[in-house]
Student: 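Can you keep this structure in mind? I'll have questions shortly.
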Amino acid sequence: MRDYDFRKIEEKWRAQWVANKTYHVEEDEKKEKFYVLNMFPYPSGAGLHVGHPLGYIASDIYARFKRQQGYNVLNPMGYDSYGLPAEQYAIQTGQHPEKTTFQNIDRYREQLDKIGFCFDWDREVRTCAPGYYHWTQWAFQKMFNSYFDTSLGKAQPIDLLIARFESKGTEGITASCTDELSFTAEEWKAMSEQDKSQTLMNYRIAFLGETMVNWCPKLGTVLANDEVIDGVSERGGYPVEQKKMRQWCLRVSAYAQRLLDGLQTIEWSESIKETQKNWIGRSEGAEVQIKVADSDIDFTIFTTRADTMFGVTFFVLAPESELVARLTTEEQKEEVDKYLTYVKSRTERERMIDHTVTGVFSGSYGINPITGDKCPIYIAEYVLSGYGTGAIMAVPAHDSRDYAFARHFNLPIIPLVEGADVSEESYDAKEGIVMNSPMEGKTSFKGFSLNGLTVKEAIEATKKFVSENGLGRVKVNFRLRDAIFSRQRYWGEPFPVYYKQGIPCMIPEECLPVELPQVENFLPTESGEPPLGNAQLWAWDEANRKIVDKALIDEKTVFPIELFTMPGFAGSSAYYLRYMDPNNGKALVSEENANYWQNVDLYVGGSEHATGHLIYSRFWNKFLFDLGISKKEEPFQKLINQGMIQGRSNFVYRIKDTNTFVSLGLKDQYETTPIHVDVNIVKNDVLDVEAFKAWRPEYETAEFILEDDKYICGWAVEKMSKSMFNVVNPDMIVERYGADTLRLYEMFLGPVEQSKPWDTNGIDGCHRFLKKFWQLFWDKDGNLQVDASEPTADNMKSLHKLIKKVTADIEEFSYNTSISAFMVATNELTAQKCRSREVLEKMVALISPFAPHVAEELWEALGKDGSVCDAAWPEFDEKYLVESSVQLGVQFNGKVRFAMQFPADATPEEMVQMALSAPEAQKHLEGKQIVKTIAVPKRIVNIVVK
RNA sequence: GCCCAGAUGGUGGAAUUGGUAGACACGAGGGACUUAAAAUCCCUUGACCAUUGCGGUCGUACGGGUUCGAGUCCCGUUCCGGGCACCA
């Protein structure tokens with residue numbers, strides 16, 4: 001008997017793979033490509049826990065499977081290595097973030113190497129490496145130098161737009177912009193350099209904008225919308241306030257429609273597509289011009305319910321709207337100011353939670369363009385400045401928020417749908433027949449009427465009427481905002497930007513990358529500048545002298561360099577392109593390599609990135625696609641979201657005020673407090689009492705009340721965290737059971753996409769299976785028991801059943817059921833005493849993606865050349881599974897009464913006859929009449945009797 | 001509030017997509033081997049009734065429905081998870 005010595009086997013093959021460069025990948029035109037990618041990790045100080053490898057193992061199995069099918073598989077790995085934790089650690093300890101980041105990377109690498117992944121480490125990328133962020137800066141510059149042409153639906157060089165301004169001004173331009181501007185060619189030419197720069201910011205895809213941002217005072221930086229959750233920062237949970245600041249932004253909103261449309265072309269889960277759809281938030285409606293009474297001012301409102309124009313009883317402006325100042329009358333000024341002060345005092349969080357009705361009358365009236373009615377204009381915080389036009393028409397009868405407002409301020413409510421009862425609440429449904437539009441005896445603009453139409457018809461009719469009569473236009477609004485792209489931090493990509501008389505200019509492309517300067521202090525400067533302000537000599541730093549030299553080519557003064565850094569998502573937005581050509585110093589990716597690898601075929605990662613990375617990355621890729629750099633409109637063709645691995649905590653129960661611990665089943669007899677206990681000293685919920693005593697000094701003298709001589713621990717599913725003592729790291733599992741067992745077990749735990757608690761309870765089963773699989777190949781004396789014998793029909797049946805199942809399962813990521821199938825097949829072949837080389841070689845090839853180390857060892861033992869990862873994936877042949885007869889349940893009145901054999905090719909009629917003449921059938925037929933018979937070949941026979 | 005996904009033994013989870021529910025594994029119980037333990041192997045293991053043998057009834061969150069037949073399809077309810085949220 002040769003033992004399954006996993007330690008020796010795994011160590012040997014780890015070394016061999018490195019020595020032979022087994023997983024090195026080259027572009028190869030002769031082979032079809034397949035690109036598998038994991039979301040690269042942020043190397044945190046805690047190292048990997050068992051949750052991390054889940055996705056890596058799943059994709060590794062897939063990558064190996066595809067390689068065995070003959071594809072040229074790219075399966076790279078790298079590190080998302082800029083980020084806040086390293087910087088905060090630096091602030092606390094003075095350790096440079098680069099130092100801790102590199103230490104963490106080394107630790108990650110060490111842990112990853114133990115699990116047997118087929119990563120091509122020659123392609124590793126780190127977002128904090130100058131050779132990498134060179135291309136992050138480069139892409140930013142491209143965005144700066146581009147605008148989005150709405151008629152072409154793609155990015156164009158900003159120079160085209162400038163040329164256009166030179167000749168025709170803004171007349172007829174089709175460009176995504178922050179504000180609608182209007183000027184002539186003459187006016188453009190007359191502008192100062194500053195004004196021109198300012199104007200172009202309105203169109204650039206990467207632009208400097210004065211916008212409301214999420215400012216987190218505690219973190220000292222602005223945050224993107226997806227980094228703010230329920231009004232507090234995602235990281236740290238600190239309060240976030242709205243502040244108007246000058247920041248770099250990316251015009252993601254220009255791509256909103258394409259981001260939405262693209263979802264239909266990719267294989268992502270419905271739920272994550274839904275999340276993105278919600279985040280993009282397309283709504284189709286109308287913008288309508290409203291004239292202010294006794295004034296020449298007018299303003300625009302946005303509505304999706306154009307049909308309710310006849311029910312408008314007031315208008316509302318967002319408090320931040322610039323119209324507020326213009327529409328507030330003298331008499332109301334004091335009150336309005338009071339209200340604005342109140343609104344300013346409220347944090348984002350308060351505003352989000354507390355929906356009490358507040359507002360103030362501006363003193364002005366707006367004229368309903370259809371009815372001609374004069375309606376008061378209010379200012380209220382329930383209207384948001386950032387969405388639509390920051391002004392609405394209020395229809396209390398059919399909008400719950402307007403309803404609450406109208407009730408509070410005693411404003412009229414006009415119902416517009418037949419049968420709608422608005423005495424208690426508004427009728428928001430878009431259903432029913434329209435009435436009161438106009439009301440009896442009232443007139444309307446050009447006699448326009450909606451009465452008798454359904455709500456849906458009325459919406460369309462009004463949109464048409466409004467745009468045909470110049471009252472407004474049809475408009476699509478998106479909730480997706482432009483991304484705020486600068487952070488007031490140190491540990492991020494520097495901007496390749498310098499300022500010349502206040503005008504932001506791009507540092508010449510040949511001077512990239514602009515390297516992150518060394519600083520001593522990672523906090524903001526005393527004058528409140530970002531941490532990069534501490535790098536006073538930065539501009540003169542040897543590494544950056546070339547920038548200054550070029551930038552100041554004919555100047556003598558030093559121009560300041562941008563002190564902001566880029567946000568976390570900058571480096572992770574195009575990393576999949578860089579893996580295609582990671583060491584290219586001339587381009588992000590060469591034309592040849594981009595054409596060969598195209599895009600990611602399979603992307604594996606957590607769904608928590610749905611509204612962050614996965615949106616930004618798609619946006620970034622679409623931009624690069626417009627430039628012709630990326631070859632596919634969508635970066636990630638198929639996406640699998642691995643579930644989170646939660647922690648499974650164990651508890652011991654201490655009897656109050658004692659040092660005695662009582663086992664789970666007996667704890668109710670005492671007054672106890674549950675205490676978290678390290679899961680690593682608990683096995684199958686049984687506490688290792690000695691290890692517990694040694695765990696903490698205060699437990700050294702602990703006493704135990706046992707049940708069945710065991711101490712049984714309680715358990716609960718919680719987040720995996722150090723404080724709950726439920727962190728299990730993969731090294732410990734590898735040490736005890738081996739990497740192959742870890743791989744198998746993580747997959748056996750359940751479907752990859754499902755969240756589940758980590759629970760070592762079942763791991764022995766997977767380890768046992770590997771032992772059995774190993775024993776299939778060795779006799780009692782430790783010799784290979786494989787011969788050239790002809791496989792039996794049973795051997796082939798077991799094998800091909802397995803091939804069929806595993807091949808189908810891998811494509812569907814149902815790895816847990818394939819492992820079950822392996823267990824069954826192994827037991828069958830063991831029972832059959834299969835020795836056939838033909839069968840056993842295929843078994844090794846099949847298990848190779850799941851347990852590569854043991855597969856390599858057996859492959860070598862079988863005398864095969866090369867690595868098992870190049871072993872051809874076995875072909876499935878139906879002929880071995882064809883049965884001459886099948887056993888089916890025979891049902892009477894839908895209940896299975898007995899089982900019997902049928903010829904596999906029996907017709908339904910024959911099956912019924914056979915079933916009826918079977919001896920077991922007689923007692924069910926006695927004294928009864930046959931009402932109906934149903935037979936489905938290979939499925940079921942059912943006989944209905946009365 | 002709106003949208004999405006889900007609920008199956010003591011546990012993790014299967015079920016050819018409408019056809020013998022509970023594969024596989026863990027745990028538990030019993031047995032073999034052993035001085036003993038570990039390891040290994042065999043049997044039992046959804047519940048209830050019967051158990052001398054057959055066997056029978058119920059059972060996939062709950063209540064209805066469609067069907068010869070429903071874990072699977074339809075309607076309603078409850079619960080858990082996720083997303084969006086004064087977005088007009």
Side-chain angles (χ1 to χ4, degrees), chain A residues 1 3 230 269-283 285 301-305 308 316 318 351-352 354-358 380-384 386-395 398-402 404-405 428 477-481 607-608 610-611 641 643-644 648 684-686 708 715 744-745 748-751 753-757 759-766 768-769 771-772 775 804-805 808 814 816-824 827 887-899 931-936 938-945:
Chain A
M1 188 84 58
D3 277 342
D230 294 334
S269 71
E270 279 313 309
S271 67
I272 208 148
K273 284 191 193 179
E274 201 61 36
T275 302
Q276 291 211 339
K277 271 183 213 162
N278 282 341
W279 189 258
I280 295 166
R282 184 183 199 274
S283 69
I301 57 97
F302 175 74
T303 179
T304 54
R305 289 296 301 275
T308 57
V316 190
R351 227 170 140 167
M352 231 171 221
D354 171 24
H355 287 178
T356 41
V357 177
T358 65
E381 60 176 342
Y382 84 88
V383 174
L384 307 173
Y387 185 76
T389 59
I392 62 153
M393 61 178 211
V395 185
H398 301 292
D399 182 286
S400 53
R401 298 152 303 185
D402 298 345
F405 195 85
D428 291 15
N477 264 326
F478 293 95
R479 192 166 51 224
L480 185 70
R481 303 292 156 78
S607 57
E608 66 273 20
T611 55
N641 297 117
M644 293 235 293
R648 187 179 188 279
N684 293 343
D685 290 336
V686 177
D708 302 330
W715 61 274
L744 239 42
Y745 185 58
F748 188 67
L749 221 44
E753 299 183 75
Q754 193 172 302
S755 285
K756 56 227 153 189
D759 176 355
T760 19
N761 286 352
I763 199 163
D764 291 310
C766 287
R768 239 169 256 161
F769 157 70
K771 279 193 203 169
K772 285 185 198 166
Q775 293 307 339
K804 186 182 185 183
K805 179 77 180 143
S814 308
N816 54 333
T817 51
S818 352
I819 293 167
S820 296
F822 269 112
M823 291 174 176
V824 172
N827 284 341
Q887 189 185 31
L888 294 181
V890 176
Q891 301 179 349
F892 281 84
N893 291 349
K895 281 213 177 353
V896 177
R897 295 301 167 175
F898 61 92
V931 178
K932 195 173 182 181
T933 59
I934 300 104
V936 183
K938 294 184 184 171
R939 287 289 167 86
I940 203 80
V941 180
N942 188 16
I943 291 150
V944 184
V945 292

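Convention: sequence-line order gives letters A, B, ...; per-chain numbering from 1.
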Student: Is it the case that the side chain of N477(A) and the backbone of S283(A) share a donor-acceptor pair, with hydrogens and angles ignored and the cut-off at 3.5 Å?
Tutor: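 Checking the backbone N and O of S283(A) against the side chain of N477(A), no donor-acceptor pair under 3.5 Å is found.
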
Student: So if I take every side-chain heavy atom of T303(A) and compare against C4(B), A88(B), U57(B), which nucleotide ends up nearest?
Tutor: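 Selected nucleotide: A88(B).
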
Student: Can you check the D428(A) CG to C3(B) C1' distance for me, whole Å?
Tutor: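 Nearest whole value for this atom pair: 16 Å.
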
Student: Taking atom P in both U60(B) and C3(B), compute the distance separating them and give it to the nearest angstrom.
Tutor: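 Nearest-Å result for U60(B) against C3(B) at atom P: 29 Å.
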
Student: Using a cut-off of strictly less than 4.0 Å, decide whether Q754(A) has a side-chain nitrogen or oxygen near OP1 or OP2 of G13(B).
Tutor: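 Checking Q754(A) against G13(B): at least one side-chain N or O falls below 4.0 Å of OP1 or OP2.
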
Student: Which one, C86(B), G56(B), A88(B), comes nearest to the side chain of F302(A)?
Tutor: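 The answer is A88(B).
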
Student: What distance do L744(A) atom CG and L749(A) atom CG have between them, rounded to the nearest 0.5 Å?
Tutor: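 Here the interatomic distance stands at 11.5 Å.
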
Student: Using a 4.0 Å heavy-atom cut-off to protein, can you give one letter per nucleotide of nucleotides 16-28 of chain B, 5' to 3': B if the base is in contact, S if only the sugar-phosphate is, - if neither?
Tutor: -S-BB--BBSSS-

Student: Of the non-hydrogen atoms in A380(A) and F405(A), which two are nearest, and what is the gap between them?
Tutor: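 Nearest heavy atoms, A380(A) then F405(A): CB-CE1, 3.5 Å.
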
Student: What distance, rounded to whole Å, do you find between the two P atoms, one in C2(B) and one in C79(B)?
Tutor: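 Nearest-Å result for C2(B) against C79(B) at atom P: 15 Å.
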
Student: Under 4.0 angstrom, heavy atoms only, what part of the nucleic acid is P751(A) near: base, sugar-phosphate, or nothing?
Tutor: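 Contact class for P751(A): sugar-phosphate only.
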
Student: Please list every stem that involves RNA chain B, where a stem is a run of 3 or more consecutive Watson-Crick or G-U wobble pairs with both pairing distances under 3.5 Å.
Tutor: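 Stems found: B:1-4 with B:81-84, B:10-12 with B:24-26, B:27-32 with B:40-45, B:46-49 with B:55-58, B:61-65 with B:73-77.
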
Student: Do other residues, nucleotides or ligands put more than 12 heavy atoms under 6.0 Å from K756(A) NZ?
Tutor: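 For K756(A), atom NZ is crowded (more than 12 foreign heavy atoms under 6.0 Å).
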
Student: Do you know which two heavy atoms are closest between H398(A) and R305(A), and how far apart they sit?
Tutor: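 Shortest heavy-atom separation between H398(A) and R305(A) comes out as O-NH1, 4.2 Å.
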
Student: For the pair made of NZ in K771(A) and C1' in A39(B), what is the distance, rounded to whole Å?
Tutor: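 My rounded result for the distance is 7 Å.
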
Student: Looking only at atom C1', what distance separates A61(B) and C54(B), rounded to whole Å?
Tutor: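 Looking at atom C1' only, A61(B) and C54(B) are 36 Å apart.
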
Student: Check whether any side-chain N or O of K756(A) sits under 4.0 Å from OP1 or OP2 of G12(B), and answer yes or no.
Tutor: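 So the side-chain polar atoms of K756(A) never come under 4.0 Å of the phosphate oxygens OP1 or OP2 of G12(B).
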
Student: Whole angstroms only, please: what is the CG-P distance between L480(A) and G83(B)?
Tutor: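 Spelled out: CG on L480(A) to P on G83(B) is 18 Å.
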
Student: Measuring only the C1' atom in each nucleotide, how far is G6(B) from G83(B)? A whole number of Å is fine.
Tutor: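 After rounding to an integer number of Å, I get 15 Å for this pair.
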
Student: Roughly how many Å apart are C75(B) and G18(B), using the P atom of each and rounding to a whole number?
Tutor: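 Result for the P pair: 16 Å, nearest Å.
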
Student: To the nearest angstrom, how far is M644(A) atom CE from G82(B) atom C1'?
Tutor: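 These atoms are roughly 11 Å apart.
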
Student: I'd like the P distance from C4(B) over to A21(B), given in whole Å.
Tutor: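 Between the two P atoms, the distance is 33 Å.
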
Student: Over all strands shown, is N641(A) touching base, sugar-phosphate only, or nothing at heavy-atom distances under 4.0 angstrom?
Tutor: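 Result for N641(A) = nothing.
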
Student: Give a yes or no answer on whether the side chain of T760(A) reaches the backbone of I763(A) with a donor-acceptor pair at less than 3.5 Å.
Tutor: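 Not a single qualifying donor-acceptor pair exists.
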
Student: Looking at T275(A), does any N or O in its side chain come under 4.0 Å of the phosphate oxygens OP1/OP2 on C3(B)?
Tutor: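 It does not, given that no N or O in the side chain of T275(A) lies less than 4.0 Å from OP1 or OP2 of C3(B).
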
Student: Measure the distance from NZ on K895(A) to P on A70(B) and round it to the nearest whole Å.
Tutor: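 Atom NZ in K895(A) sits about 9 Å away from atom P in A70(B).
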
Student: Measure CD/E753(A) against P/G12(B) and give the value in whole Å, please.
Tutor: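 To the nearest whole Å, that distance equals 19 Å.
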
Student: Using the P atoms only, state how far U78(B) lies from G63(B), rounded to an integer number of Å.
Tutor: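 Those two atoms are separated by 15 Å.
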
Student: Where does U17(B) land, syn or anti, once you apply the within-90°-of-0 test for syn?
Tutor: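 Syn, since the glycosidic angle lies within 90° of 0.
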
Student: Looking only at heavy atoms, what is the nearest atom pair of M823(A) and G765(A), with distance?
Tutor: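 Answer, listing the atom of M823(A) first, then G765(A): CE-O, 4.2 Å.
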
Student: For D402(A) and V395(A), indicate whether the former's side chain and the latter's backbone hold a donor-acceptor pair under 3.5 Å.
Tutor: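 Looks like yes, one N/O pair under 3.5 Å.
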
Student: Looking only at non-hydrogen atoms, find the nearest pair between A899(A) and Q887(A) and report the distance.
Tutor: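 In terms of heavy atoms, the two residues are closest at CB-NE2, 3.5 Å.
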
Student: Would G9(B) be called syn or anti here, given the cut-off of 90° from 0?
Tutor: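 You should classify G9(B) as syn.
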
Student: Is there a donor-acceptor contact under 3.5 Å from the side chain of D428(A) to the main chain of S400(A)?
Tutor: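 Present.
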
Student: Select from D759(A) and G281(A) the residue whose nearest nucleotide in RNA chain B is closer to the 5' end of that strand.
Tutor: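 Here D759(A) is the residue nearer the 5' end.
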
Student: With sugar-phosphate meaning primed atoms plus P, OP1 and OP2, does I392(A) contact a base, only sugar-phosphate, or nothing at under 4.0 Å between heavy atoms?
Tutor: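 It contacts base atoms.
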
Student: Testing the basics here: between I940(A) and L888(A), what is the closest heavy-atom pair and its distance to 0.1 Å?
Tutor: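 Reported closest heavy-atom pair: N-CD1, 4.0 Å.
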
Student: If I take atom CZ in residue R282(A) and atom P in nucleotide A88(B), what distance separates them, rounded to the nearest angstrom?
Tutor: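 That distance rounds to 13 Å.
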
Student: Looking only at heavy atoms, what is the nearest atom pair of Y382(A) and A394(A), with distance?
Tutor: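 That closest heavy-atom pairing would be OH-CB, 4.4 Å.
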
Student: Rounded to whole angstrom, note down the C1' distance from G55(B) over to C68(B).
Tutor: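 Roughly 25 Å separates the two C1' atoms.
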
Student: Need to verify one output field. Residue with the more 5' nearest nucleotide on RNA chain B, L384(A) or S755(A)?
Tutor: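 Per heavy-atom nearest nucleotide, the more 5' residue is S755(A).
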
Student: Reckon Y387(A) has a side-chain N or O less than 4.0 Å from the OP1 or OP2 of A88(B)?
Tutor: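 Yes, such a contact exists.
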
Student: Look at all strands and tell whether V316(A) reaches a base, only sugar-phosphate, or nothing, counting heavy atoms closer than 4.0 Å.
Tutor: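 No contact.
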
Student: In whole angstrom, what separates F898(A)'s CZ from C54(B)'s P?
Tutor: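 Whole-Å distance recorded here is 19 Å.
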
